[in-house]
Amino acid sequence: MTGSILLPIDLGHPESSDKALSEAVDMARAKGALLHVLTVIPDFGTALVGSYFPKDFSRRALEETTSALKTYVSEKVPEDVPVEVHVRHGTIYREIVAAAKALGVDLVVLASHRPEMKDYFLGPNAAKVVRHARQSVLVVR
Ligand code: ADP
């Protein structure tokens, strides 16, 4: 196996990543690469907002998101592709960039934006990942 690919998924709109997933799977197969699938639980911004959530909210969100991501991966990623799942918490684009660095991936593959967001060609997180990641980024339209 050589290299690895990071595929960030917005679990709130998983269908918008179908094309990106299919590209990432093809590339992982072609290169014999490990596929890392990541979802980020977004930050609530201020500590004040966070204080209204139940104390065990973070732990439950992490558990439930991890389980949802594992289900997504088992349904969508073919069994012959080696895959690992990752859940992080924070500012979406920062966590994607940090995960790419921490995992030492060679390539990030993501969808440009949700299909219904027709006013722009590159969503806010996709744009920031392109700008800040040190790795090559494949934006799938
Ligand atoms: P839009 O606002 O149209 O959804 P984004 O830039 O937020 O545009 O989304 C583009 C891509 O960014 C998604 O397909 C996904 O790869 C990544 N992304 C967005 N949100 C998340 C998230 N919570 N966790 C992981 N990746 C995400």
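We count ligands from 1, going down the list as the structure has it; atoms in each ligand are counted the same way. Quick note: residue numbers are just sequence positions, from 1. What's counted below: heavy atoms across the whole structure, side chains too, no hydrogens, waters or symmetry copies.
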For this session: Closest by any non-hydrogen atom to atom 17 (C) of ligand 1: pick that one out of T91, I96, V40.
Result: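 Looking at heavy atoms only, the winner is I96.
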[X] (side chain) donor-acceptor with [Y] (main chain) under 3.5 angstrom:
{"X": "T65", "Y": "L62", "answer": "no"}
{"X": "K19", "Y": "A111", "answer": "no"}
{"X": "S17", "Y": "H13", "answer": "no"}

Which protein non-hydrogen atom lies closest to [atom], naming both residue and atom, and how far is it?
{"atom": "atom 10 (C) of ligand 1", "result": "A111 O, 3.2 Å"}
{"atom": "atom 12 (O) of ligand 1", "result": "N125 CB, 4.0 Å"}
{"atom": "atom 26 (N) of ligand 1", "result": "P8 CB, 3.4 Å"}
{"atom": "atom 19 (C) of ligand 1", "result": "D10 CB, 3.8 Å"}
{"atom": "atom 2 (O) of ligand 1", "result": "Y120 OH, 3.0 Å"}
{"atom": "atom 25 (C) of ligand 1", "result": "I9 O, 3.1 Å"}
{"atom": "atom 8 (O) of ligand 1", "result": "G123 CA, 3.4 Å"}

From [atom1] ([X]) to [atom2] ([Y]), nearest 0.5 Å:
{"X": "R141", "Y": "E23", "atom1": "CZ", "atom2": "CD", "answer": "13.0 Å"}
{"X": "L69", "Y": "T39", "atom1": "CG", "atom2": "OG1", "answer": "6.0 Å"}
{"X": "L21", "Y": "L35", "atom1": "CG", "atom2": "CG", "answer": "7.0 Å"}
{"X": "L6", "Y": "L138", "atom1": "CG", "atom2": "CG", "answer": "12.0 Å"}

Problem set entry | With E95, the side-chain hydrogen bond (donor to acceptor under 3.5 Å, both in side chains) member among H89, R88, H86 | R88
Any N or O of [X] closer than 3.5 Å to N or O of ligand 1:
{"X": "H113", "answer": "no"}
{"X": "A127", "answer": "no"}
{"X": "A126", "answer": "yes"}
{"X": "I92", "answer": "no"}
{"X": "R114", "answer": "yes"}

Exercise. For S17, is the nearest heavy atom under 4.0 Å from an atom of ligand 1?
Worked result: yes
Problem set entry | Contact check, P42 vs ligand 1, heavy-atom distance below 4.0 Å |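 No.
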Problem set entry | Proximal ligand 1 atoms for T39, defined as those under 4.0 Å from one of its heavy atoms | 24 (N), 25 (C)
Exercise. Is the shortest side-chain N to carboxylate O distance from E63 to R59 below 4.0 Å?
Worked result: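 Looking at E63 and R59, the cut-off is met.
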Exercise. What's the shortest heavy-atom distance between A126 and L122, and which atoms?
Worked result: CB-CD1, 3.8 Å
